[in-house]
Number of protein chains: 2
Amino acid sequence: MKITINDVAKVAGVSTSTVSRVISDSPRISEETKRRVRKVIEELNYHPNAIARSLANKSSKTIGLILNTEAETLVRNPFFIQAMTGVSQYTQKNGYNVMFAYNKSEAGDLDIAVWYVNSRCVDGIILFTSRTNDKCIDFLKKNDFPFSVIGRPDQTEGVLWVDNDNFQATYQVTNDLIMKGHQRIAFLGGPRDHNVSRDRFEGYKKAMTVHGYAIDKELTFLDGNFSEEFGSECMLRIITASKKGAELPTAIVTSDDMQALGVLKAMRKKNISNIAVTGFNNTPISLYQNESFTSVDVNANKLGFYAAKLLIGKIEGKKNLPTHYIVPTNIVEVEPFY
Amino acid sequence: MKITINDVAKVAGVSTSTVSRVISDSPRISEETKRRVRKVIEELNYHPNAIARSLANKSSKTIGLILNTEAETLVRNPFFIQAMTGVSQYTQKNGYNVMFAYNKSEAGDLDIAVWYVNSRCVDGIILFTSRTNDKCIDFLKKNDFPFSVIGRPDQTEGVLWVDNDNFQATYQVTNDLIMKGHQRIAFLGGPRDHNVSRDRFEGYKKAMTVHGYAIDKELTFLDGNFSEEFGSECMLRIITASKKGAELPTAIVTSDDMQALGVLKAMRKKNISNIAVTGFNNTPISLYQNESFTSVDVNANKLGFYAAKLLIGKIEGKKNLPTHYIVPTNIVEVEPFY
DNA sequence: GAAAGCTGTGAAAACGCTTGCACTAGTATT
DNA sequence: AATACTAGTGCAAGCGTTTTCACAGCTTTC
């Protein structure tokens with residue numbers, strides 16, 4: 001049988017309220033009593049029951065994670081686990097636990113959100129991907145339940161979010177290429193309904209126009225997806241066009257390492273080299289291929305960390321908190337594996 | 001203000017006990033009453049408070065994960081996230097939540113275990129790596145707290161565990177190589193204090209001896225680690241030896257994909273090819289390199305799934321449950337990326 | 001020297017649920 | 001006809017905390 005606060009109270013010869021106050025270090029208890037009670041707590045090896053505490057406090061001191069992502073992505077892209085460790089680091093420091101649930105379907109994500117909210121087993125939720133018209137976001141807003149989102153959502157009012165400055169990242173990547181003398185630079189984007197896709201394109205566009213270079217429609221591939229296949233496909237189209245007289249680009253800015261790998265694969269297949277390729281995420285797999293290329297490290301760990309920080313700030317009702325954080329990116333040169 | 005069981009009782013004109021029994025579908029309540037109460041539950045959109053329930057039941061319906069692993073490994077090896085999703089799949093089906101905490105240091109792992117146990121916020125724990133003399137295991141055993149372990153621990157009595165048949169895996173991998181005509185086969189092992197290392201070596205040894213091939217001391221590297229560096233290092237030693245007259249192996253069995261990549265890297269550097277290499281884990285990164293090789297898929301998802309199954313069986317006091325599961329491995333041929 | 005103000009503590013009511021036990025009304029048993 | 005079941009329900013005591021309010025005993029104030 002586990003020791004309870006009553007046992008401590010009895011042994012120490014005080015009431016349970018006193019013990020409770022000692023635990024929370026209330027100023028209303030005399031040092032003398034505190035010392036005595038603490039000694040008993042030590043002796044009996046007493047530890048408060050977190051659940052009883054939660055019930056009395058109406059707060060579980062737990063936050064829930066919703067990984068609304070396909071298994072495939074989860075496994076290939078270390079982004080998620082990195083963000084999760086970031087979350088864990090912040091929550092641990094602040095006395096919160098973290099709960100997670102994985103569900104493949106989008107419907108499943110909503111189910112989990114509903115469960116989390118209705119059962120009151122978490123104090124707040126972190127969404128790991130923001131989709132357009134995300135049903136989870138709508139649901140959480142409607143229920144006035146604290147949550148934060150990794151990745152800027154469509155509607156930012158009333159939501160806490162963290163993200164990179166994606167515009168800045170591609171701006172810089174593109175600018176760097178231009179500084180190295182590249183003029184004909186292609187761009188591969190992500191799905192149109194992700195804000196991140198638009199931002200990355202805009203950054204590229206800005207850098208190009210600032211320097212007076214044209215955005216060649218034949219070299220910009222928007223509304224794509226973050227896959228290797230898409231990367232290969234675009235590259236093959238570029239190559240085909242070049243056979244019909246178009247000039248090959250000297251550099252390609254992509255929106256994801258997978259895309260970049262696809263591009264490299266197609267280049268290899270067609271025996272083309274000397275095109276600089278850039279990606280996003282600094283995925284370790286990018287280390288295991290033969291071309292050197294540039295990747296944008298998004299600092300996933302920090303994204304998780306700040307998502308937790310925002311959320312916990314909100315839960316604890318702190319005032320004057322920021323509504324979002326922009327986490328800086330670093331541009332890394334990935335050396336070839338061999 | 002949230003709806004409670006009392007509100008439902010009042011509206012339905014019954015006592016709270018009756019509502020509670022309707023929720024748990026007790027046979028002692030008449031169908032008539034059940035119907036009426038359920039209708040009210042629906043109308044009021046009532047959902048039981050999980051925490052109050054936990055307190056009354058003395059069970060949080062939550063299990064805790066302890067990821068006692070370095071961040072680097074966590075990120076590079078999708079094993080962990082795969083196992084986590086496996087755990088989540090089983091627990092969701094059975095009405096359990098999962099809590100996780102990440103902590104870099106080994107000391108931290110123990111802290112988390114202590115917190116989980118003392119605060120009673122989880123009903124059981126899954127350890128994601130079994131080390132020799134694992135302090136967490138000792139602590140959990142001493143406190144008689146339910147837990148299961150991924151990876152067979154040193155002392156199996158009184159512990160629930162899941163693992164692959166590592167002996168069988170390397171036996172088969174080695175045997176396959178022999179069937180293809182290889183006779184001179186090197187072996188790279190993992191850290192001596194991991195059971196997995198010993199098992200994998202024994203499988204290799206058995207296959208070799210069954211076929212009457214010698215185990216060449218110069219070609220077996222035990223007590224290594226699961227890194228690329230170790231792989232490269234061993235391969236370079238093999239190559240150096242060959243320059244002094246030793247015969248090169250025609251195949252190399254390694255204990256990890258990272259090791260295998262290291263081997264391939266060294267081969268490439270020294271311009272050697274035509275040596276078959278095998279690894280473990282079917283890591284996606286293995287897809288992004290140029291040699292085809294063989295990897296053993298350990299079915300991490302299933303390992304997590306069964307770890308959860310064993311644990312929940314124990315928590316719920318089921319009788320005649322197995323003490324461990326052996327999850328089959330599949331041998332996969334990884335095609336070169338390009 | 002009475003009123004007012006502190007200080008330190010305890011009693012008891014929450015928090016929202018489960019469950020052992022008791023009770024009532026029928027029904028079956030002898 | 002008395003007894004013994006059974007089915008269906010409610011009462012109230014938990015589960016282990018926190019926290020409001022009350023109060024006793026001091027000290028200060030005018």
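Just so it is clear: chains get the letters A, B, ... in the order the sequence lines come, proteins before strands, and each one is counted from 1.
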Undergrad: Salt bridge check, Glu316(A) against Lys61(A): does any charged N sit closer than 4.0 Å to a carboxylate O?
TA: yes
Undergrad: Return no unless some side-chain N or O of Ser20(A) is found under 4.0 Å from OP1 or OP2 of dT18(D).
TA: yes
Undergrad: Using a 3.5 Å cut-off and no angle test, enumerate the donor-acceptor pairs between side-chain atoms of residues 42-49 of chain B and protein atoms at least two apart in sequence or in another chain.
TA:
residue: Asn45(B); atom: OD1; partner: His47(B); partner atom: NE2; Å: 3.0
residue: His47(B); atom: NE2; partner: Asn118(A); partner atom: ND2; Å: 3.2
residue: Asn49(B); atom: OD1; partner: Ile51(B); partner atom: N; Å: 2.7
residue: Asn49(B); atom: OD1; partner: Ala52(B); partner atom: N; Å: 3.0

Undergrad: Surrounding NZ of Lys141(A) (heavy atoms of other residues, nucleotides or ligands, distance under 6.0 Å), is the total greater than 12?
TA: yes
Undergrad: When you match Ala52(B) and Pro27(B) each to their closest nucleotide on DNA chain D, which lands nearer the 5' end?
TA: Pro27(B)
Undergrad: Distance check needed: dC15(D) C1' versus Asn49(A) CG, whole Å only.
TA: 8 Å
Undergrad: So what does Thr33(B) hit on the nucleic acid, given a heavy-atom distance under 4.0 Å: a base, only sugar-phosphate, or nothing?
TA: sugar-phosphate
Undergrad: When the distance from CD1 of Ile23(B) to P of dG16(C) is rounded to whole Å, what number comes out?
TA: 14 Å
Undergrad: Examine dT17(D): is either OP1 or OP2 under 4.0 Å from a nitrogen or oxygen in the side chain of Lys58(A)? Give yes or no.
TA: no
Undergrad: Using atom names, set out every protein N or O paired with an N or O of nucleotides 20-26 of chain D below 3.5 Å, distance rounded to 0.1 Å.
TA:
residue: dT20(D); atom: O4; partner: Arg21(A); partner atom: NH2; Å: 2.7

Undergrad: Atom CG of residue position Asp25(B) - does it have more than 12 heavy atoms of other residues, nucleotides or ligands inside 6.0 Å?
TA: yes
Undergrad: Please indicate whether Lys34(A) has more than 12 foreign heavy atoms, meaning atoms of other residues, nucleotides or ligands, lying under 6.0 Å from its NZ.
TA: yes
Undergrad: Do Val98(A) and Tyr102(B) come close enough that some side-chain heavy atom pair is under 4.5 Å?
TA: no
Undergrad: Taking CD from Glu32(A) and P from dG8(C), how many angstroms apart are they, rounded to a whole number?
TA: 11 Å
Undergrad: dT7(C), OP1 or OP2 - any side-chain N/O from Ser30(A) closer than 4.0 Å?
TA: no
Undergrad: Would you mind telling me which of dT17(D), dG10(D), dG16(C) lies closest to the side-chain atoms of Thr4(B)?
TA: dG16(C)
Undergrad: Rounding to a whole Å, what distance do you find between Ile51(A):CD1 and dG14(D):C1'?
TA: 16 Å
Undergrad: Please give, in whole Å, the distance from dG16(D) P to Lys10(A) NZ?
TA: 12 Å
Undergrad: What is the distance, to the nearest angstrom, from the CG atom on Asp7(A) to the C1' atom on dC15(D)?
TA: 13 Å
Undergrad: Taking atom P of dT19(D) as reference, at what distance in whole Å does atom CG of Leu55(A) sit?
TA: 12 Å
Undergrad: Return the nearest nucleotide to the side chain of Asn57(B); candidates are dT19(D), dT18(C), dA11(C).
TA: dT18(C)
Undergrad: Over how many whole Å does the gap from Tyr46(A) atom OH to dG16(D) atom P extend?
TA: 10 Å
Undergrad: Taking atom types as modelled and ignoring hydrogens, do the side chains of Thr16(A) and Asn6(A) form a donor-acceptor contact shorter than 3.5 angstrom?
TA: no
Undergrad: Please compare Asn6(B) and Val14(A) by the position of their nearest nucleotide in DNA chain C and report the one closer to 5'.
TA: Val14(A)
